[in-house]
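Convention: sequence-line order gives letters A, B, ...; per-chain numbering from 1. Please read all numbers here as calculations on a predicted model, not as lab measurements.
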2 protein chains.
Amino acid sequence: MLVKNIDELLSGYEGVEKYLRERAVLIAEHAVDMANPEKLVKSYLYCRNGTLKVKNCGDFEFSKAYVVAIGKAAYPMAKAVDEIIGDRIAEGIVVTKYGYSESRRVGIMDVVEAGHPVPDENSMKAAKKGLEIAEKVGEDDILILLVSGGGSALFVMPERGISLEDKIKTYKLLLKSGARIQEINTVRKHISAVKGGKFVKKVRGKVLSLIISDVVGDNLEAIASGISVKDPTTFEDAVKILKNYEIWYKIPESVRTYLERGLKGEEEESLKVDLENVTNKLICSSSKVCEFAAKKARTLGFTPVILSSVLEGESKDVGIALASIAVEIRKNKRPFNPPVALIAGGETTVTFNGKKAGKGGPNQELALGFAKKLEESKVDGICIFSLDTDGTDGPTDAAGGLVSSDTWGRIVRERVDPLKELMMHNAYTALKAGNALVITGPTDTNVNSIAIIVISRYYDLIMYNLIIDYLFGLLI
Amino acid sequence: MLVKNIDELLSGYEGVEKYLRERAVLIAEHAVDMANPEKLVKSYLYCRNGTLKVKNCGDFEFSKAYVVAIGKAAYPMAKAVDEIIGDRIAEGIVVTKYGYSESRRVGIMDVVEAGHPVPDENSMKAAKKGLEIAEKVGEDDILILLVSGGGSALFVMPERGISLEDKIKTYKLLLKSGARIQEINTVRKHISAVKGGKFVKKVRGKVLSLIISDVVGDNLEAIASGISVKDPTTFEDAVKILKNYEIWYKIPESVRTYLERGLKGEEEESLKVDLENVTNKLICSSSKVCEFAAKKARTLGFTPVILSSVLEGESKDVGIALASIAVEIRKNKRPFNPPVALIAGGETTVTFNGKKAGKGGPNQELALGFAKKLEESKVDGICIFSLDTDGTDGPTDAAGGLVSSDTWGRIVRERVDPLKELMMHNAYTALKAGNALVITGPTDTNVNSIAIIVISRYYDLIMYNLIIDYLFGLLI
């Protein structure tokens, strides 16, 4: 069971509303369960007669196997590979975030825990070991890369002459300057010895990279800074970005000097072509998780509708917009006829605008924004479950929110002002008061957030009330 | 032609992109044209053998007709009624906003222009005249009420003992206190002699109220403060609201005294029952406008999808959320197969959060937010037209924005930073640079905002490029 506090989430909710809350949870639980990294790798990979077979991707013959697993899902992914071809692995390293592994070794492979989101010495140790392994891979061998979100910080090797400290300083300056994540990554790729495809350049044998995306839109270049993927950006781009944000003269001299040499063609560019020996295979993404949810929704009798797998925007307002669509369906039966399950995957944002940060996270705010519109529309028969698939929504112990028609009213009856809390970015407090705060603990999965919106038919309500009335009649 | 600067909007755009921009404009033009108040009244009302017939509403026999038209669409609505039964109108008054009428009389009816959004002496004069007319309506007569948005300020009669100044002061205190619009209306209805159904209480004959909604969700109580509609709120509610927002002791004494008498049952409550002689008929709403757009979209070859007719949320982020859905359709052909026209009606919001207000409006920001997501997704074949149906989006001369795949890039090429302008609430400047700012002038219509999103098939692009290549081949 994914959701730890299901009793609390259902307590005080009745009839169709309770029914919908249960269904929303069941759908989300199935989706997160199917997106389990260990299960995913096992569903894609198997070994027969010494040949490694990858679903929808082809067969790989090899002599020895090497493994480099990087990211928040590195440990369960490596465990699956070890189960499948453990006896043929010559050497391997598993790099993950502190607290994200269960032991120091997976089969023959070493496990290293390192810093995230800010890299540390262990991130460099891991990359050094990774590069050593890459160089050992012979022409008949295969290197299996297992890539998931968080890899940019966990696997770090600055180009020569640049210290880890200088690299971190540059990163922090970029963050502060307001540069976009794509721009930050462009610079990172040009001062790193592993990012932007540079890592796989060093491998003589085959490379099979299995990738779990935590990036909206699944741009492979962006996941874990694309250690196995070509990079269209150049030294010119990197320098231009630093100059645009007026931090060119603020970054450490070692970085500036290196980039200047790069401009003159004296340093190695990132990977610019698709390498024949490298296969990149996306094995899970927001889109996939939406499909898992859709499948479960259908078995529960809801018409599944994947509204988006690239959902973005300010959480509260995305919640209001999604509710605007759900209300239309419930009231006017368009553009879909209930019972419907709307499914939206992606990553929404909470912007503080100088206000003090309350307690909450994007999924909690999305759910509470949804509740606001639901309350104003005076419509029942709608329930949303918005959660971060990794089980941690913002800096809280909650995974998200489970909101239905009466939730707003319940919060008010507990003498909490949901509108005020929403505006103060304090969704946690409001949802908690309405028995709407979902606790899952860590899930081992990290594939963005997902919102499940279940909408009942008019019929459901009528029938339910008739049955209750009938049973009640029998009692008295 | 609704759109005045169509040449500018198409200039520099080519091929399928131009095609989509034209289609989005055609769809919106049709919807706004169909929502023209004069046309609407004529499509609902006709007179045969002395009987007034109202579509989907029944027949009305009457001896004399009286007319009270209130709101931003009062003038064109009254014109239509005058054309249909002008010879049977005994007396009438048409109250609209300054600049919203074309002459001092419509047939036998007087036209009064008054203050909006802040009422003035003319608003009171108009209500006084309206009440006089109401009392003249005999048992065999009919009073035709023509109600549209803006009526709350244009038709004002404070209860006895309260001056217009005191009423305005109370209104402004409520606005400043952060009270919600529903709460403000509750107070307004309990210090007004016409709002909350009090106006129609005074009529002995039949009342036919034709209503054009400018309120999201079409709650009739809320449109022009519901002069012909019952009101569920009470004196207790009104006092509670003023106390909750801690302005009970700040409001003028005359208002406090009146409300205290109301609490004791010494003053008249708002209308609490449906009156048998009153018929309220909604003749246009956001939902209807969406349907008009849908119909046109179908004739142009797009599958119409009404996503919502109650769209709310912060404009920029609703734009991003809508783009998230459009991108899903274009890339993954779900939940609909292109060519699709997504249609969403409602009213989004621009929140300044203490930032200096730039130049723009909700529809311009929605379109620019949409453009941002479109740019990041690197998807073509999508175009959005977001506009306020009244032709005025925010405090600007623009009606909205017309954005397609290349718009963001065009803005950048004009050396304007669209992201910066979006964050500074300066969408006007950015859209103008990208030939994406739509100018219509006043439209006579006022039915919220509408966004039309047209999405082409992959096929369209392929075919188009093939044809161009072929023609180009013939030329050289």
Side-chain angles (χ1 to χ4, degrees), chain A residues 178 180-182 216-219 244 287 290-291 294 303-329 331-332 334-336 340 342-346 348-349 351-355 369-370 372-373 376-379 417 419-420 423, chain B residues 178 180-182 216-217 219 244 287 290-291 294 303-329 331-332 334-336 340 342-346 348-349 351-355 366 369-370 372-373 376-379 417 419-420 423:
Chain A
R180 298 180 230 177
I181 182 70
Q182 299 94 318
V216 173
D218 304 328
N219 184 352
N244 265 354
S287 181
C290 289
E291 284 163 23
T303 307
V305 174
I306 298 173
L307 267 187
S308 183
S309 59
V310 291
L311 188 68
E312 291 185 302
E314 180 72 17
S315 308
K316 163 175 77 71
D317 299 285
V318 173
I320 295 172
L322 288 175
S324 304
I325 296 171
V327 167
E328 187 72 30
I329 293 173
K331 278 172 92 171
N332 299 329
R334 68 184 181 197
F336 308 99
V340 164
L342 297 179
I343 296 156
T348 63
T349 323
T351 311
F352 291 105
N353 273 317
K355 277 182 196 158
F370 193 98
K372 173 175 180 282
K373 173 78 184 176
E376 287 164 2
S377 308
K378 299 185 176 36
V379 173
D417 181 347
L419 187 64
K420 195 179 128 201
M423 292 311 172
Chain B
R180 296 179 232 179
I181 181 70
Q182 300 93 320
V216 173
N219 185 353
N244 265 356
S287 181
C290 289
E291 284 162 23
T303 306
V305 174
I306 298 174
L307 268 188
S308 183
S309 59
V310 290
L311 188 68
E312 291 185 303
E314 180 72 15
S315 309
K316 163 175 77 71
D317 299 286
V318 173
I320 295 171
L322 288 176
S324 304
I325 296 171
V327 167
E328 188 73 30
I329 294 173
K331 277 172 92 170
N332 299 330
R334 68 184 180 198
F336 309 99
V340 164
L342 297 179
I343 297 156
T348 63
T349 322
T351 311
F352 291 105
N353 273 316
K355 277 182 197 158
L366 192 152
F370 193 99
K372 172 175 180 282
K373 174 78 184 177
E376 287 165 1
S377 307
K378 300 185 175 38
V379 172
D417 181 347
L419 187 64
K420 195 179 129 202
M423 292 311 172

Practice task
Identify the heavy atoms of B/S287 and A/N332 that sit nearest to each other, and give their distance.
Solution key: OG-ND2, 4.5 Å

Problem - A/V318 versus B/A321, closest heavy-atom pair with distance - result: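 That would be CG2-CB, 4.3 Å.
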
Exercise for the section: Kindly compute the distance separating CG (A/L307) from CD1 (B/I329), expressed to the nearest 0.5 Å. Expected result: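 Separation between the atoms: 8.5 Å.
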
Practice task
Measure the spacing between OG of A/S324 and CG of B/L322 and express it to the nearest 0.5 Å.
Solution key: 9.0 Å

Problem - Test log, rule side-chain contact (heavy atoms from CB on, under 4.5 Å), inputs A/K331 and B/S309 - result: CA-CA 10 Å; A/K331 278 172 92 171; B/S309 59; over 6 Å; no

Completion exercise
Bottom line for A/I343: the part with an atom under 4.5 Å from chain B's heavy atoms is neither

Problem - side-chain contact (heavy atoms from CB on, under 4.5 Å) assessment of B/K373 paired with A/V310 - result: CA-CA 10 Å; B/K373 174 78 184 177; A/V310 291; 3.7 Å; yes

Pairs of heavy atoms under 4.5 Å with chain A: top-ranked of [options]:
{"options": "B/I320, B/D317, B/V216", "result": "B/D317"}
{"options": "B/V305, B/I325, B/L419, B/T348", "result": "B/I325"}
{"options": "B/R180, B/Q182, B/R334, B/K378", "result": "B/R334"}

Fill in the blank from the handout: A/K372 meets the salt bridge (Lys or Arg N to Asp or Glu O under 4.0 Å) criterion, sequence neighbours left out, with A/E376

